[in-house]
Every structure is written in structure tokens, then in C-alpha cells.
Amino acid sequence: MIWSKSLVPTLREDPRQAENLSHKILLRAGFVRPIASGLYNYLPFGLRVCQKITQIIREEMNRIGGQEMHLSALSPRSMWEQSGRWNAFGDDMFRLKDRKQQDLALCPTHEEVMALIASKELRSYKELPQIWYQFQTKFRDEPRPRGGVLRTRQFTMKDSYSFDLDYEGLDSSFKRHSEAYSRMFTRMGHKFFVVQASGGLMGAGESHEFMVEAESGEDISLVCPECDYRANAEVAEGKPVSAPILEMKKEKVHTPNLKTVEEVSGFLGVKPSQLVKSILFMREGKPLLVLVRGDYDFSDEKLKRAFGTGLEPAENEDAEKHMGASLGFLGPQGVEVETYADLSLETCDIYAAGANEDDYHVVGISLSRDANIKEYMDLRTVRAGDGCPNCKGTLSEKRTIELGHIFKLGTKYSEAMGASVLDSEGAERPIVMGSYGIGVERSMAALIDQYYADGVMAWPVVVAPYEVQILSLGENEVSEKFFVDLNSKGLEAAWDDRDMAPGAKFADADLVGIPYRIVVGPRGLKEGKVDIRKLGTGETINVAVDDAVRRVSEMIAEEKADGCRN
RNA sequence: CGGGGAGUAGCGUAGUCCGGCUUAACGCGCCUGCUUUGGGAGCAGGAGAUCGGAGGUUCGAAUCCUCUCUCCCCGACCA
């Protein structure tokens with residue numbers, strides 16, 4: 001690559017819209033350009049990094065027996081109605097009509113399409129297991145695209161699907177994916193860890209996410225420093241920190257217009273942790289009272305898991321009808337509504353709570369005596385400071401980017417799409433599926449968070465847009481020879497031949513992040529020498545012109561070998 | 001969708017409160033010439049914006065009013 005004839009539109013200043021690190025660098029280094037909210041054009045350098053990431057993923061998928069395919073990005077409504085997701089996806093799905101006014105969707109994911117193929121092509125258990133994957137542009141009309149390339153409305157996903165006869169088979173496909181993911185992320189240079197996760201809209205089974213710590217991450221992961229417990233905050237379990245015992249006699253207190261935990265606890269002179277937060281839900285027309293300690297929040301995910309998806313927060317009328325008070329003054333004592341409490345409340349017995357009478361709260365109620373709690377269960381969002389569920393450690397929170405997600409789907413989609421095989425007994429059985437995704441562009445962004453420091457980006461050589469950069473300072477002859485030699489040795493060289501001030505060339509080079517740099521300038525040439533610099537460590541060696549190509553190749557080969565050993 | 005911020009030249013900004021010395025300014029970038037060449041160079045010339053859009057108020061609007069579009073950030077989604 002010869003710089004003066006290429007498109008690497010670097011920016012000297014941070015663009016106005018960019019706030020987080022990877023977004024700024026991708027823009028400034030001329031890797032990507034926005035075209036609309038959540039939509040990007042990938043310029044040559046950005047594309048090259050994505051292609052290298054893609055290739056690593058491909059190699060590791062092939063290694064576990066994955067077969068690459070390429071499915072249609074556009075799909076008919078009927079297929080989505082078969083799985084029930086035409087409605088489930090709601091506004092997140094891009095929809096359009098063809099000239100015959102038929103509804104089509106731009107696929108946000110491909111479980112249905114894959115299951116459909118399986119339903120048509122797979123007959124016998126003898127054909128299982130199978131792993132099919134593709135790199136595909138996914139379209140999701142995200143409510144809020146963000147973080148530059150981290151959350152977009154169009155992105156490339158490697159999605160794979162496993163097809164097994166039974167759950168033992170699924171376990172093994174899942175495990176193979178888990179190992180493949182670890183290998184590919186390691187090869188790319190990610191400092192990742194694996195967390196327990198929730199399946200969300202995709203399914204219900206066991207699921208793991210591959211996380212990288214980053215300020216711009218969208219997820220919170222809870223990690224135990226003492227053991228290997230790691231979980232997404234959505235599903236993390238933990239031991240609640242205990243609350244100070246409330247020593248107050250049962251008494252009703254006038255609390256006009258005080259509704260929030262802060263207002264009420266402040267007014268009553270109790271800690272938020274000595275307060276019961278009582279939330280009324282409606283489920284199929286019936287009320288459901290759920291309690292959590294005042295210093296914790298409910299986890300939507302856990303509520304969904306415990307009570308199903310049909311849970312609606314109650315309106316004021318519901319509250320008055322079933323509890324005799326407005327929202328904000330509800331409490332568990334003396335109510336007939338079915339009541340569940342979070343485990344955090346089990347640490348004590350005496351609390352303050354709403355009085356079920358407008359503008360009143362009660363202090364000193366006893367949950368065991370005054371309330372009729374059907375069951376204590378895990379319903380809250382665990383947070384830093386809570387105890388690890390597996391050991392004596394204390395959990396801490398990390399903000400993380402989700403690189404990949406693997407989960408066990410089960411038979412949800414195979415049943416919906418009619419994907420079944422005959423087993424050895426001749427009985428028809430739905431195929432047991434797993435689904436496994438990786439966002440390609442996101443992986444690129446996450447690497448910036450991990451490898452940018454002090455104004456210098458240093459891509460791991462295996463994913464870098466080029467392996468070595470020749471930086472010419474007012475001299476092109478020796479440089480050109482390097483360029484030719486490096487290329488003929490099979491190295492990916494970028495030659496900055498532009499006639500510019502040295503500072504500007506160094507600045508561009510730092511931004512773009514090609515990890516090895518040969519500086520060819522008159523100062524060194526006078527002694528017959530050039531500098532080789534490794535970005536990231538900043539280590540620089542001064543070598544004879546004739547040795548330079550050999551030395552760089554060795555350094556690059558060594559870094560590549562190191563990566564493979566992992 | 002709720003809450004917050006922002007749209008002025010390719011990029012980054014000033015000007016907006018308090019309409020008029022603004023022919024809309026500045027830095028960077030860009031073009032021409034000469035000089036310069038190990039961390040964003042110097043001199044001299046030059047091109048480039050009807051101030052997001054539409055309406056309105058006014059003798060006069062980047063600036064005031066109304067509507068509208070777009071982008072970014074924080075929350076409900078997920079790779």
C-alpha cells in the first residue's frame with residue numbers, strides 16, 4: 001500500500017459527534033465514516049481490520065467442523081410468523097414491502113432461516129450433529145444506536161447454529177463453540193473473560209457472553225476476585241449485604257406526598273436498607289405484589305424469569321382497587337394479594353414500608369408477623385459489594401463490551417419451523433439447536449479500548465490493517481526498496497511516501513496503529529541505518545539498512561508465533 | 001419513547017443572551033509558488049459557508065418567534 005495513492009483520511013481533531021474512545025479513533029484514523037445514525041461506511045483500513053478478524057473467526061469455526069454458508073438477508077413475513085417473532089421483534093425489525101405488496105423483513109438474526117433449512121434438508125439422526133455458520137449483515141432498527149460502531153443498525157455478525165439429536169449433543173456443541181470462541185478472541189488479542197448471561201429474546205437455555213472490560217461498554221459484569229464467578233448483572237446472583245437492624249415499634253407515620261425511597265427514608269430517619277420497596281404488578285388481570293429491600297432494584301430479567309413475560313406494572317387504579325392506596329404508599333402488611341419477596345429482605349425482619357393508606361407509611365413492621373409472603377426468591381439486581389454466591393469474596397462491577405454470545409436454544413425454533421429427524425428407533429424428534437454470535441465490527445472497536453494508550457494505537461499484528469509501515473522522511477529511494485522487499489517476503493507493508501512535515505507523518509502513523517514502523521530518514525541514512533519501532537511498547541532499535549527487512553520480519557513472525565501459542 | 005446537549009466552509013470553533021461596523025470571523029486542512037524536512041514547518045498569493053430546513057416578525061435576522069429535520073449523550077435492547 002502506497003500512502004499517497006490511497007484513502008486514509010485522518011483527522012487532526014476529534015469530530016464533534018464522537019464521545020467514546022473507539023469511535024474517536026476509528027473516525028480520526030480514517031477507518032470508518034458515518035452515513036446516518038447507527039450506519040457506517042468502512043473505508044480501506046477499517047475494512048482490512050474487519051477482514052482479518054473475520055478470517056480468524058472463520059478458521060476457528062472451521063476447526064470445530066463449522067460449515068460456512070451465506071443466507072439471504074431478506075426474508076418473508078410468513079417465516080417469522082411461524083416462530084412468532086414477526087410480532088416479538090416489534091420496531092426492532094426493519095420491514096419492507098416488495099412490488100407485490102408482500103411483507104419482507106431484513107433479518108435481524110437467522111435462527112428461523114437456519115431452522116427452515118434444517119427442516120428441509122435434514123432427515124436422519126445419522127446426519128447430526130451439524131454446525132452451520134455465516135458472516136452476514138444483520139439489520140436491527142435499534143432504539144438507540146450508540147458508541148460509534150459498538151451498537152449499530154447494520155452490522156456484520158458471524159452467526160452459527162448447531163443441530164443435535166439431544167441435549168447431550170447440544171452440550172458438546174456448546175462446549176466446542178465456547179472453546180472456539182476462546183481461541184479466536186485470544187488470537188485477536190482480546191483480554192476477555194466469560195460470564196453467565198441471559199438468553200433474552202433468543203431463547204431460554206444456558207448462555208455465556210464473552211466480555212472485554214471497557215469504559216464505553218454497555219454491560220455491567222459482576223466478577224468475584226476470589227474465585228471464577230463472573231456474571232452479567234442481568235442475571236448475577238449474590239449475597240446481599242446485611243442491613244442494620246431497625247429497632248422501632250410498629251407505628252403509622254404521616255408522610256404526605258413522600259413516595260420515593262430517598263424521600264421516605266430521609267423523612268423517617270431510617271436507612272434505605274431498612275425500607276421495603278413494594279411494587280405491584282398485574283399479570284393477566286390479577287395483582288402480584290413483589291418486595292425488595294429499599295437499597296436494591298428489581299432485575300427485569302429475574303422478574304421475567306420468575307413470573308413470565310406477561311408482567312405489567314400496575315396503574316394507580318389497580319393499586320387503589322387491590323391495595324387501598326396509591327402507588328408510592330404500598331406495603332406488604334395485611335394484604336391478601338399474592339406476595340413474593342426478594343432474598344435481600346430475609347436478612348432482617350423489622351422494616352419500614354408503605355401503610356397501604358395514602359400519605360402514610362409504617363415503621364417497625366415485621367415481615368414474618370405482619371406480611372403474608374408466599375416465597376422468598378432472587379429478584380433483585382446484584383451489585384458491587386454483594387457477596388459472591390460461590391465463595392467468601394465480594395463482587396465487583398466491571399463495565400464491559402460483549403464480544404460474543406453463545407446459547408443453548410433447545411427446540412424452540414426447530415419445533416416452530418418443523419425441523420426434526422428420525423432417531424435410531426424411527427421416532428421423529430425435534431432437532432436440538434444452539435446459537436452463537438459474534439459482532440465483527442464491535443470486536444475491532446473493543447481492540448481499540450485495549451490497545452490505545454497515550455495517543456498511540458497499536459493493533460495486534462494479526463488484526464492490524466498492515467503489519468509494517470515504512471515512514472519516509474524526505475527520502476524515497478531506500479524506502480521504496482524496503483517496500484518492494486517486504487512485499488516480496490509476503491509481509492503487508494504500508495509505505496508513507498508523502499512529502500509532509502515529519503510530525504504530521506508520525507502523528508498519522510500513531511493514529512492508524514500499524515504495529516511495526518521503519519523510519520527512514522537522512523539522519524540515520526548518514527550512518528547507513530534506520531529505526532525499527534514497535535508501537536505499544538515503544539521499543540526502538542537502530543539497525544543497518546541491509547538488516548532492516550530481516551529484523552522486522554523476525555519481530556513480526558515472533559509476535560505471530562506468540563499469539564498462536566495461546 | 002422519556003430526559004439532556006448540538007447543528008455556522010472539508011474538520012474544529014467564535015459570533016446567538018442584547019437583531020445593524022459582518023462584505024459572516026478564527027485555527028487546521030485544501031490549491032499555486034519558493035524555502036524547509038527525525039514529532040502536526042516558514043513566507044507570499046488563492047479557492048471555499050445564502051449560518052440544518054421551512055415559514056414568520058422587522059427598514060434590517062446566524063441572532064427574535066413558530067414549525068420541522070438531523071446528529072450526539074443518559075435510560076428500556078443486544079453482537
Side-chain angles (χ1 to χ4, degrees), chain A residues 9-20 23-24 27-28 30 33-39 53 57 88-93 108-110 135-160 181 197-202 207 209-212 216-219 232 234 297 300-301 313 400-407 435-446 455-456 471-476 498-511 517 519-526 529-531 533 540 542:
Chain A
T10 55
L11 268 21
R12 185 166 180 161
E13 288 163 292
D14 284 340
R16 196 211 303 266
Q17 331 90 289
E19 302 241 341
N20 76 290
H23 193 192
K24 278 183 198 169
L27 252 17
R28 288 193 53 196
R33 287 291 182 263
I35 178 163
S37 178
L39 299 174
I53 289 170
I57 297 172
F89 264 111
D91 287 338
D92 285 2
M93 187 147 82
T109 177
H110 282 77
F135 292 90
Q136 177 63 267
T137 305
K138 306 293 185 187
F139 298 89
R140 294 181 188 174
D141 196 355
E142 293 289 343
R144 183 158 87 84
R146 71 176 102 187
V149 127
L150 282 177
R151 167 157 236 88
T152 55
R153 297 192 292 171
Q154 173 184 335
F155 63 98
T156 312
M157 176 156 102
K158 184 289 298 175
D159 49 322
S160 53
Y181 274 37
S198 109
L201 192 53
M202 298 298 178
S207 98
E209 289 166 335
F210 290 73
M211 296 292 200
V212 152
S216 56
E218 297 182 277
D219 292 284
N232 191 306
E234 289 175 341
D297 290 314
D300 290 340
E301 193 60 39
T400 49
I401 294 174
E402 180 187 346
L403 297 174
H405 194 167
I406 60 179
F407 40 95
S435 152
Y436 317 87
I438 296 177
V440 172
E441 297 88 349
R442 179 180 282 188
S443 221
M444 168 170 73
V456 179
L471 201 155
S472 307
L473 296 171
E475 166 319 309
N476 275 349
R498 296 171 301 172
D499 181 21
M500 283 173 49
K505 300 182 79 163
F506 282 112
D508 274 356
D510 290 346
L511 211 42
R517 178 189 298 166
V519 180
V520 189
R523 200 173 72 188
L525 251 24
K526 243 184 278 173
K529 291 192 161 180
V530 294
D531 286 336
R533 185 184 182 86
T540 304
N542 190 245

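Every chain is numbered from 1 and lettered A, B, ... according to where its sequence line falls, protein lines coming before strand lines. On a predicted model such as this, the values are computed, not experimentally measured, just so you know.
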Contact class for [X] (heavy atom, under 4.0 Å): base, sugar-phosphate, or nothing?
{"X": "R153(A)", "answer": "nothing"}
{"X": "L473(A)", "answer": "base"}
{"X": "G521(A)", "answer": "base"}
{"X": "T137(A)", "answer": "nothing"}
{"X": "P34(A)", "answer": "nothing"}
{"X": "D510(A)", "answer": "base"}
{"X": "G455(A)", "answer": "nothing"}
{"X": "Q17(A)", "answer": "sugar-phosphate"}
{"X": "R28(A)", "answer": "base"}

Does the structure show a Watson-Crick or G-U wobble partner for [N], both distances under 3.5 Å? Name it, or say none.
{"N": "A6(B)", "value": "U70(B)"}
{"N": "C26(B)", "value": "G12(B)"}
{"N": "G45(B)", "value": "C31(B)"}
{"N": "C64(B)", "value": "G56(B)"}
{"N": "C1(B)", "value": "G75(B)"}
{"N": "C21(B)", "value": "none"}

P108(A) backbone acceptor or donor facing R140(A) side chain under 3.5 Å:
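Flag set: sc R140(A) to bb P108(A) pair under 3.5 Å.
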
Looking only at atom types and distance, does a side-chain atom of K505(A) sit under 3.5 Å from a main-chain N or O of R498(A), one as donor and one as acceptor?
yes

Should C21(B) be called syn or anti, with syn set as within 90° of 0?
syn

Which atom pair, heavy atoms only, marks the closest approach of A446(A) to V212(A)?
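In this case the closest contact between A446(A) and V212(A) is CB-CG1, 4.4 Å.
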
Where is the tightest heavy-atom contact between Y181(A) and Y436(A), given as atom of each residue plus distance?
OH-C, 3.1 Å

Between [N] and [M], how many Å separate the two [atom1] atoms, rounded to a whole number?
{"N": "C30(B)", "M": "C11(B)", "atom1": "P", "value": "15 Å"}
{"N": "G19(B)", "M": "C1(B)", "atom1": "P", "value": "35 Å"}
{"N": "A49(B)", "M": "C77(B)", "atom1": "C1'", "value": "40 Å"}

Without decimals, in angstroms, what is the distance between [X] [atom1] and [N] [atom2]?
{"X": "D14(A)", "N": "C72(B)", "atom1": "CG", "atom2": "C1'", "result": "14 Å"}
{"X": "K138(A)", "N": "A79(B)", "atom1": "NZ", "atom2": "P", "result": "10 Å"}
{"X": "N232(A)", "N": "A79(B)", "atom1": "CG", "atom2": "C1'", "result": "13 Å"}
{"X": "D91(A)", "N": "G2(B)", "atom1": "CG", "atom2": "P", "result": "14 Å"}
{"X": "F155(A)", "N": "C78(B)", "atom1": "CZ", "atom2": "P", "result": "11 Å"}
{"X": "D297(A)", "N": "A76(B)", "atom1": "CG", "atom2": "P", "result": "11 Å"}
{"X": "L27(A)", "N": "C72(B)", "atom1": "CG", "atom2": "P", "result": "11 Å"}
{"X": "E19(A)", "N": "G12(B)", "atom1": "CD", "atom2": "C1'", "result": "15 Å"}

Criterion side chain to side chain contact (heavy atoms under 4.5 Å, CB included) on D92(A) and D141(A), from CA distance to verdict
CA-CA 4 Å; D92(A) 285 2; D141(A) 196 355; 5.5 Å; no

Does a side-chain N or O from [X] land closer than 4.0 Å to OP1 or OP2 of [N], or not?
{"X": "T109(A)", "N": "A79(B)", "result": "no"}
{"X": "R146(A)", "N": "G75(B)", "result": "yes"}
{"X": "R16(A)", "N": "U13(B)", "result": "yes"}

R146(A) and N20(A): side chain to side chain contact (heavy atoms under 4.5 Å, CB included), yes or no, with the steps?
CA-CA 9 Å; R146(A) 71 176 102 187; N20(A) 76 290; over 6 Å; no

Among C71(B), C78(B), G39(B), which nucleotide has an atom closest to any side-chain atom of P502(A)?
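Between C71(B), C78(B), G39(B), the one nearest the side chain of P502(A) would be G39(B).
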
